[in-house]
Amino acid sequence: MESKMKPAGTMTVDFKGKKGEFPVYEGTDGPPVVDIRTFAKQTGAFTFDPGFTSTGSCESQITFIDGKKGVLLYRGYPIDQLAEKSTFMEIAYLLLKGELPTKMEFEEFNESITMHTMVHEQLKRFYSGFRRDAHPMAILVGVVGALAAFYHDSTDINDPVQRKIASHRMIAKMPTIAAMAYKYSIGQPFVFPQNNLGYTENFMRMCFAVPAEDYEVNPVLADALDKIFILHMDHEQNASTSTVRLAGSSGANPFACIAAGIASLWGPAHGGANEAALNMLAEIGTVDRIPEYIARAKDKSDPFRLMGFGHRVYKNYDPRATVMRKASHEVLNALGVENDPLLQVAMELEKIALEDPYFIEKKLYPNIDFYSGITLKALGFPTEMFTVLFALARTVGWIAQWTEMLEDPSQKIGRPRQVYTGAGMRDFVNIDKRS
Ligand code: SDX
């Protein structure tokens, strides 16, 4: 990847007689960045930024978020246009290659993905080692990490051909592995992928078909799930993407890096929020109990937070939530469950929270997870599968970001520093001398 940062002046630091001068760059959009790669060398000090709220880890040309304007672009295209006019598989090509495909390019890409959807027969034995009630994210971390034990011909990260095969294998097999985790949890036989089905239809069939009868994919529901996948594909340097990049920076194989990303996404503050949001709506139960939970969310002594609200970057609204809200109503209408009690609680909670001064002052708005949980439940997925579906979609973003990192000449192994406030140097004391 060739850098496209534009020089935009310098910034100086003056501390106890030590001066440092650092170049400032601008990108296509968004705030300027101060290049502090020589900060320690020039000033003798480290920067300090737990949670990286003010720190950019890389230059990227994949996704752009403007948290104030509620903008999300995949390779420059607004998320609402892509969700309405494109498909998950076409956008997968866009995220990986940087441009929308021609018809021929798409057919070739789609064919390659389709031809990698089956998994090695021996990989199935991993599932029987799990308890039936194992969380599917635990299964996903384990099975995806184990792919490196099967595909030795695509783990050399320095070979672009192997990187491409590994990328297509990962994107193609994630739905199969995810569906197998679901089938295993309900004691039903695994369903093979069908090459005549599209990516999302194939996944739905592998989840919901049974050998005893034919299964027809409902196109309205498949379209809604495809939209949900599109909304979850990439999101700049979020926790799980940063995890994939950091793992990849050591030269780890792509399957290990994606397994690391899955592990990070599992957290309830991140990808686990859709499962946590639905569990929260179920715990609230009825509209009249909403004020009690709003009060708890404001109470600093109470660790409770409104799951599905707030975002590190979006401080006005999450544009994905807008598209997700529309898709959730389409699904619930199509299924005739518009009066779903959880949806009633969700709609009332959204209304109350958006009018509450605390949430307005803290800029806490419904994020994508607030609506995706309700929709996925209506589509027939159990709550514990919600983050699995997030991981399925985000695999494309993780692969695109991992590839970009490997092709970026400025990237090196990630190794943050720290400020040490532990004990000063001291000598060992034998146990018989300790008081
Ligand atoms: C995702 O990074 C990404 O892009 C992630 C993601 C992606 O696509 O990859 O968008 C996916 O993870 C979406 C976020 C899903 N998480 C949740 O819905 C969990 C609930 N949300 C919070 O945990 C929280 O909002 C975060 C973690 C999402 C963001 O936290 P920040 O930006 O670090 O902000 P913070 O925790 O410092 O909170 C700021 C203030 C605090 O109050 P004060 O200390 O200033 O008094 O807002 C409060 C918080 O107490 N606050 C909340 C709240 N979220 C923040 N109060 C109640 N309910 C909440 N949900």
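As the structure lists them, so they are numbered: ligands from 1, and atoms in each ligand from 1. Note that the structure is a prediction, hence the values are computed from the model and not measured.
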Salt bridge (charged side-chain N to carboxylate O under 4.0 Å, His left out) contacts touching residues 24-36 (sequence neighbours left out): D35-R37

Shortest protein heavy-atom distance from atom 57 (C) of ligand 1, along with the residue and atom involved: A297 O, 3.8 Å

Distance-only donor-acceptor check, side chains Q237 and T241, under 3.5 Å: no

Enumerated ligand 1 atoms positioned under 4.0 Å from heavy atoms of A269: 12 (O), 14 (C), 15 (C), 16 (N)

Option nearest atom 41 (C) of ligand 1 (shortest heavy-atom distance, choices R305, H311, K315, R312): R305

Ligand 1 atoms in contact with G308 (distance to a heavy atom under 4.0 Å): 17 (C), 18 (O)

Check: N274/T387 side-chain N/O donor and acceptor closer than 3.5 Å: yes

Side-chain H-bond candidate by donor/acceptor type, N195 with T114, under 3.5 Å: no

Atom 2 (O) of ligand 1 - nearest protein heavy atom and its distance: N238 CB, 3.3 Å

Residue, atom name and distance, where the atom is the protein heavy atom closest to atom 21 (N) of ligand 1: F309 O, 2.9 Å

Side-chain H-bond candidate by donor/acceptor type, R75 with Q61, under 3.5 Å: no

Separation between CD1 of I177 and CG of L392, rounded to the nearest 0.5 Å: 10.0 Å

Which residue and heavy atom of the protein sit nearest atom 17 (C) of ligand 1, plus the separation: A273 CB, 3.5 Å

Heavy atom of the protein closest to atom 40 (C) of ligand 1 (residue, atom name, distance): K362 CD, 4.0 Å

Within-cutoff protein neighbour (heavy atom, under 4.0 Å) for atom 37 (O) of ligand 1: no

Non-hydrogen atom of R394 closer than 4.0 Å to ligand 1: yes

Residue D369 vicinity, atoms of ligand 1 by number, heavy atom under 4.0 Å: 1 (C), 13 (C), 14 (C), 15 (C)

Residues forming a salt bridge (charged side-chain N to carboxylate O under 4.0 Å, His left out) with D14, sequence neighbours excluded: K19

Nearest-contact summary for atom 14 (C) of ligand 1 - protein heavy atom, Å: N367 ND2, 3.6 Å

Closest candidate by heavy atom, reference atom 59 (C) of ligand 1, pool I294, L231, I368, L306: L306

Cationic tip of R417 above F46 ring, under 6.0 Å, 45° of axis: no

Proximity flag R320 to ligand 1, non-hydrogen atoms under 4.0 Å: yes

Protein contact to atom 28 (C) of ligand 1 [nearest heavy atom, distance to 0.1 Å]: G310 O, 3.7 Å

Residue pair N253 / T155, side-chain donor-acceptor N/O under 3.5 Å: no

Backbone of Y371 reached by a side-chain donor or acceptor of T375 within 3.5 Å: yes

L364 contact mode with ligand 1 (heavy-atom cut-off under 4.0 Å): side chain

Donor on one side chain, acceptor on other, S240 and H270, under 3.5 Å: yes

Atom 19 (C) of ligand 1: nearest protein contact (heavy atom, Å): M307 CE, 3.5 Å

Any non-hydrogen protein atom less than 4.0 Å away from atom 50 (O) of ligand 1: yes

Side-chain donor-acceptor contact under 3.5 Å, H135 with E275: yes

Heavy atom of K363, distance to ligand 1 below 4.0 Å: no

